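The structure appears below as structure tokens.
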Amino acid sequence: MGLSVTADGGRKTPWRDGSFGYVVPALLLIAFFFIVPVIMLLMRSVLEPTPGLQNYRELLGSTTYLRVLLNTFTVAGLVTIVSVLIGFPIAWLLAIMPERWSRLVLAIIVLSMWTNLLARTYAWMVLLQRTGVVNKVLLSLGIIDKPLALVNNLVGVSIGMTYIMLPFIILPLIGVLKSIDPAILRAAALCGANKRQCFTRVLLPLSLPGIASGALMVFVMSLGYYVTPALLGGTSNMMLAELVAQFVQSLVNWGMGGAAALVLLLVTLVLYTIQLKFVNPNRAR
Amino acid sequence: MTQSFLSIRGIRKTYGQVTAVKNVTMDVAEGEFMTFLGPSGSGKSTTLYILAGFQDPTDGDILLKGQSLLSTPSHKRNIGMVFQRYTLFPHLTVGENVAFPLRVRRVGQAEITDRVKKALKLVRLEGLEERKPALMSGGQQQRVALARALVYNPPVLLMDEPLSALDKKLREEIQFEIRRIHQETGVTILYVTHDQEEALRLSDRIAVFSQGEIDQIGTGRELYADPATHFVAGFIGDSNFINAEVLSNTDGNARLLLPGGTVVDGVPMHAGKAGGTSASLLLRPERLSLSSTRIDNGLTVTIKDITFLGNNIEVSTQTGNGEILSVRLPFGHEAISGISRGDQAWLSFEPKSTHAFV
């Protein structure tokens, strides 16, 4: 008793044998420390300073705040697109390279994920600043004649976040690409498909579910990302999570903070629903 | 020499220190069904992959109608291939799978529809255009793969153990289909298998591969009746080998001394070795006669086991110096009555039905 899988391997409804009791502590924990506070925050968005929708009216009516929304979607979109464009070839190489090499590269990728987020973001600050390595190299190569502004703006945020999001697209894609039998690509080639046709007509359609779920994951994570935009971004071009933090921390305006948070939550939930449709395991491949 | 349709000339393939294919040379006629038969690692698949363009040979050349294929990449060779594994495109329907080679060749839609229909009719899957490969049986999937490989009328069709994933009954059914399709289309087929029965059933000619080389090329009958090497003799048909001493060998007719003192004259033998050397003598189980009464100049054996196999009976016998010889007798053969395990018996054979190898 206790496990939700019976001895013959058949799955049983987990509640029937009383095993539901085992998840109660976890559910209570989530309810008290996550769901309740979130609801309370969202309640404050319609209750403070007076009951009504004035917080939402202000948020969606002001160009400043709409600008923040636009920034958020632009950066998240850009990060997603660039991550897919960079991540796909890397994942493909990792899927086809000899095991001992792919293990090494994978270890490097995972290790970078485990490195402290702040440390990595500060590292980008050093690299991207006016006197940083990137600008110095470009200057010495004569590609530019004065340093580019790569930090304290959305360019810096996009670069930093793309780097941070890459593993989240590469790791699921490797699995999808590895599951594609190389013989299928050989068959395509012998059928007369050139490299480009093999890619567009076979490899890409077969890896699309992986790309879609990875991209949505990156997009959703980017929408609510805080640390990197806060450090690499400028004060003039904020993203939504920064706005929420500013409302709550600096302005102590819980009503507006809650409203901004709800907008973020709704967008995320809508995208999550789309993702569920995309990666539905019951859909025939 | 007249130019042959497909000519494989001195193909060699090495991977570092390992030689996968040593020296493969053969000519294949247009419309021929040629099978590469051999155990795994004998170089037959590598040779096929070189033909497909998936690998480049270290040495040698491949000519199709006199033109070298080597500088042509796979997708421009216009060769058809059916693989060992299921290689249908899982995201496309059966119809789109078969249409794929035509789509990448930018054939018009009306012609595509027409040719896909004909190709599916050829493999007896008409009307299944809309089905997804994942919903089909292994046999059906390989039929679709066959239709996809034939829809663009390739001059040569390569088949790399296409039936090895199927069960025996289904395998025989599709072997029959492949024969029919070969006769209907007249396409030249190069077929790789390790199954001698499959090779004999399908092929016009068989090339027997062993350790990266071709031991012999010939029709099934030729390989069975006149094997060039000990390996071919052991690979095609069932076989017993016993050690013998070559007393003399003139013009391919050897006089052998068998253990126990039996002397046989007129045994076919290829290599012109002088007397005094040892050789192994091939005895086909179905060409051996068994007698419960003494035969002059027969091999004296002890019955070890008698196995009933339905349409025939296999008798395992042992010679005086411990060599096991199996004898196959048709069901109801009179020699079997009154013989039981442990009895003494005598084996005889027609010298022409045997073969000696050095």
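What you see is a predicted model; the values in this text were computed from it and never measured. Throughout, a chain's letter reflects where its sequence line sits, starting with A, and its residues are numbered from 1.
- Using a 4.5 Å cut-off on side-chain heavy atoms (C-beta onward), A/Arg186 and B/Tyr49 make contact.
- Closest of all the heavy-atom pairs between A/Leu190 and B/Ala52 is CD1-O, 3.3 Å.
- Other residues, nucleotides and ligands contribute at most 12 non-hydrogen atoms within 6.0 Å of the CD atom of B/Gln67.
- By number of non-hydrogen pairs under 4.5 angstrom with chain A, the leading residue of B/Met81, B/Arg85, B/Lys76 is B/Arg85.
- Listed by chain and residue number, nothing satisfies the ring pair (Phe, Tyr, Trp, His ring centres under 6.0 Å) test with B/Phe83 (two or more places apart in sequence, or in another chain).
- Taking all atoms of both residues into account, the shortest heavy-atom contact from A/Leu206 to B/His91 is CD2-ND1, 3.3 Å.
- Within residues 102-129 of chain B, the residues having any heavy atom under 4.5 Å from a heavy atom of chain A are, by residue number, B/Arg103, B/Val104, B/Arg105, B/Arg106.
- Both the backbone and the side chain of A/Asn194 come within contact range of chain B, each with at least one heavy atom under 4.5 Å from a heavy atom of that chain.
- Evaluation of the side chain to side chain donor-acceptor pair (under 3.5 Å) rule for A/Arg103 yields no partner, not counting sequence neighbours.
- A/Ile184 is listed as a side-chain neighbour of B/Pro90, based on a closest heavy-atom distance under 4.5 Å.
- Contact between A/Cys191 and B/Tyr152 at its shortest, heavy atoms only, is CA-OH, 3.9 Å.
- By a heavy-atom distance cut of under 4.5 Å, not one residue of residues 81-94 of chain A is near chain B.
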